[in-house]
J.: 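Below are the structure tokens for one structure; questions will follow.
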Amino acid sequence: MKKIILFTLYLLPVLLLIGFVANFSVNVPIDDEWRLANLFEKIATGNVNFNDFWALHSNHRIVFPKIIIAVLAFASRWNINYQLCLSIGLAVITFIAMYSLSSMQVKKTGDDSWHLANILTCILLFSLVQHENWLWGFQLAWFLVNLCFVAAVYALLSNHKLLPSLRISIAAVFCFIASFSLAQGLLSWLAAIPAVVALEGNVAEKRKRLILWILLFFATCAIYSIDYHPSRKTSIISLLNKPLVVIDYFLSLLGSPIVRLSGISAFVGLLIFGIFLFLAVHFGRKISEHREALPWLSIGLFSVLSALFITAGRAEFGAIQAIESSRYTTNSILLLIALVQLAQLFVRGKIATKNRNYKVVYRLLAGLLIGIIIVNSGQAIAQSRSALIYKQGAQDCLQLINYLETSDFFKNSPESCLRVLSKKTWLVREGAAIIDKIGWRKLAKNLEFISNSEKVYGYLDKLQTSQKSFKAAGWAVFPQNKKQPNIVLLSVGDKQSFFANAYVNSDSPDIAKTLKSQLYNNARWAVGFSGNDLPIAQTEIKAWVYNPVDNQFVQLRGG
């Protein structure tokens, strides 16, 4: 019975994550993914070469993620959900490796702290606080780097049947893959040094292995630097002139998985960093007696070094960016996992054995951490739910992109559905043409415009004007259809193209009451736009919804 309960506790975070992704994922490329469209076109036409994979993506060489994503894209017609599934799969393998590392520790009969630490590790590793990365297929690189580093540590420390030289070779392969997946993957070589030094052998052998490992690191850096011309450069001198800004960003980054409030995040980050330093000193003084702590010291060190690297590149944006960008928490969470495991070893050590209050404190803190994760997960669900309508609207916009004008609204308005896909809307248009050409998505063409539908699809209220700005509003539904429209599209005059969009997501209890269905509780829409989006002396605005069932645009009544 106990085994069943434990298995359920381990499985529950994974199942919750799968349910989360299933409910809030949208099969549409976002942001950086559009920059891969040219690569896919070259592969499809047989014109690809190594340089296409080697080319910098921002400041990173993402050779291995490009290969993986390309394989998945051609296998699935670029179904983004395949990438999301792989991210979860990579995290599952990472946890299995972490569980195996933890299993090297001596487990006392009746001592539940070992399972408590591993359950906490599982909860953290699959926590929804990383919701941006779980729902963005391109971010599988973060999970790949984490897996490669943990696998390298596992190779170095877990299997004593293999020769040390072979274990170093296996670990080097994993660190090499990490290095060419994200720039911070280069730091895996440095963070693994404690594990390399800990390999069995005499002093001379340990020295040779360390020298070899450092040479491999420099060789990887030398290869990485070939034709390295980053588009965005960071001035270290300017950062040194703002030490408080840098420290605030770094600590906020470490504290962001726990709390996302300015100032408080930095304070929590300071506590986390301070506890890690204390435990590192405690176990590091007599590391020969605490070999079971080595994996977690290396994993914690990798998280700290990566946070410093991110800080060097992003501190100029201010700590608020570290707090709001949940994608960085995939790195910061590793430090929390290291603390959970190191603290578990500490409470079972000689010092803590003399005072049982240590175990009580550990369990209380573990319970507090679980509570915080539950609260943060609730917030992640709320944020993802509110963002869902915009992603679904963006998915519709991609399907209808041939009918969207190159207006200022679609380029610059925060309400533009194209800007949800990428702020560089020209990149979306180029990418859309490529995937349509390849045949992965058949974009809408030659659709019928229905001006006088027998069924009521909604209404456009009287246009509100104020100097050179306008506001259009109304409500929209699909009559007798369970799926409701995500967006309304606006045209001017007799044009069969659209200069703006609005999201159908505002409360409409009156519509639901009139149409006698709770399905229409959020049927209202509204959007503002500039007169610059309209032709001179032309203000006849029409509102439309796209009916995917009949593959046609239907005009809303009124106006």
Side-chain angles (χ1 to χ4, degrees), residues 12-31 33 79-81 83-85 87-88 91 123-124 126-139 142 256-261 320 323-330 333 370-399 413-423 475-478 481-488 501-509 511-512 517-527 545 548:
L12 191 58
V14 184
L15 294 177
L16 290 174
L17 172 61
I18 292 172
F20 171 79
V21 172
N23 278 281
F24 297 112
S25 65
V26 178
N27 180 24
V28 63
I30 298 291
D31 290 329
E33 285 169 319
N79 187 330
I80 304 300
N81 291 321
Q83 294 167 223
L84 303 183
C85 290
S87 292
I88 296 174
I123 292 172
L124 285 167
F126 298 100
S127 73
L128 304 186
V129 73
Q130 312 163 81
H131 59 93
E132 278 185 84
N133 286 352
W134 292 129
L135 299 175
W136 186 7
F138 186 77
Q139 296 300 85
W142 288 82
S256 61
I258 300 297
V259 62
R260 295 181 176 278
L261 294 173
I320 191 67
I323 296 170
E324 292 180 347
S325 297
S326 72
R327 61 183 181 274
Y328 299 139
T329 56
T330 299
I333 277 172
I370 291 173
I372 290 171
I373 293 169
I374 291 173
V375 171
N376 288 345
S377 295
Q379 293 175 347
I381 291 172
Q383 291 176 23
S384 300
R385 181 179 287 113
S386 63
L388 184 60
I389 182 66
Y390 298 100
K391 289 185 178 180
Q392 290 173 333
Q395 186 180 39
D396 290 346
C397 268
L398 176 59
Q399 177 68 19
S413 173
E415 296 184 80
S416 164
C417 55
L418 282 187
R419 284 176 61 85
V420 175
L421 298 175
S422 174
K423 291 181 179 179
W475 60 271
V477 300
F478 286 147
N481 193 328
K482 292 183 178 180
K483 186 181 184 304
Q484 291 307 294
N486 300 310
I487 56 173
V488 164
N501 70 269
Y503 294 98
V504 184
N505 62 347
S506 298
D507 292 341
S508 57
I511 306 298
S517 174
Q518 296 302 309
L519 185 65
Y520 307 120
N521 269 327
N522 299 98
R524 289 201 176 276
W525 58 270
V527 63
V545 291

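For this chain, numbers begin at 1 and follow the sequence in order.
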J.: Do the side chains of I373 and L124 get nearer than 4.5 Å, heavy atoms only?
T.: yes

J.: Any sub-3.5 Å donor-acceptor pair from N376's side-chain atoms to P257's backbone N or O?
T.: yes

J.: Evaluate the side-chain proximity of C417 to Y503: yes if any heavy-atom separation is below 4.5 Å, no if none is.
T.: yes

J.: Could you tell me if the side chain of N501 sits less than 4.5 Å from the side chain of S413, heavy atoms only?
T.: no

J.: Decide side-chain contact (heavy atoms from CB on, under 4.5 Å) for N522 and Q484; before the verdict, give the C-alpha distance in whole Å, the side-chain angles of both, and the deciding distance to 0.1 Å.
T.: CA-CA 9 Å; N522 299 98; Q484 291 307 294; over 6 Å; no

J.: Any side-chain heavy atom of L84 sitting closer than 4.5 Å to one from I88?
T.: no

J.: Rounded to the nearest 0.5 Å, how far does OG of S506 lie from CD1 of I389?
T.: 10.0 Å

J.: Under the rule for salt bridge (Lys or Arg N to Asp or Glu O under 4.0 Å), what residues qualify as partners of E415, not counting sequence neighbours?
T.: none

J.: For R385, which residues count as a salt bridge (Lys or Arg N to Asp or Glu O under 4.0 Å) partner, sequence neighbours excluded?
T.: none

J.: Flag the pair D507 / N521 as yes when at least one side-chain heavy-atom distance between them is below 4.5 Å, and no otherwise.
T.: no

J.: Is any side-chain heavy atom of L17 less than 4.5 Å from a side-chain heavy atom of L128?
T.: yes

J.: Report the distance from atom CG of N133 to atom OG1 of T330, rounding to the nearest 0.5 Å.
T.: 3.5 Å

J.: Identify the heavy atoms of A91 and W134 that sit nearest to each other, and give their distance.
T.: CB-CH2, 3.8 Å

J.: How many angstroms lie between CG in L519 and CD1 in I511, if you round to the nearest 0.5 Å?
T.: 12.5 Å

J.: How many angstroms lie between atom CD of Q395 and atom CD1 of I80, to the nearest 0.5 angstrom?
T.: 10.5 Å

J.: Verify the distance criterion only: is there a donor paired with an acceptor across the side chains of Q83 and E33 at less than 3.5 Å?
T.: yes

J.: Is there a side-chain contact between H131 and F20 in this structure, where contact means two heavy atoms from C-beta onward sitting under 4.5 Å apart?
T.: yes

J.: Which atom names give the shortest non-hydrogen contact between S508 and A523, and what distance separates them?
T.: OG-N, 2.7 Å

J.: Looking only at heavy atoms, which two atoms of A476 and W525 are closest? And how far apart?
T.: N-CD1, 3.9 Å

J.: If I compare all heavy atoms of S127 with all of I333, which pair ends up nearest, and what's the gap?
T.: OG-CD1, 3.4 Å

J.: Measuring from atom CG of L12 to atom CG of L15, what distance do you get when rounded to the nearest 0.5 angstrom?
T.: 6.5 Å

J.: Counting only N and O atoms by type, is there a donor-acceptor contact under 3.5 Å from the side chain of S384 to the main-chain atoms of I381?
T.: no

J.: Say whether, by atom type as modelled, one donor and one acceptor occur between the side chain of S326 and the main chain of Q130 under 3.5 angstrom.
T.: no

J.: Quick check: closest heavy atoms across S256 and I323, and the distance to 0.1 Å?
T.: CB-CA, 4.5 Å

J.: Only one of N486, V420, I487, V504 clears side chain to side chain contact (heavy atoms under 4.5 Å, CB included) with Q392; which?
T.: N486

J.: As an exercise, state the distance from CD of E132 to CD1 of I30, rounded to the nearest 0.5 Å.
T.: 11.0 Å

J.: Against V545, only a single residue in V477, V488, D396 fulfils side chain to side chain contact (heavy atoms under 4.5 Å, CB included); can you say which?
T.: V488

J.: Over all heavy atoms of both residues, which pair between A394 and L421 is shortest? Give the atoms and the distance, please.
T.: CB-CD2, 3.6 Å

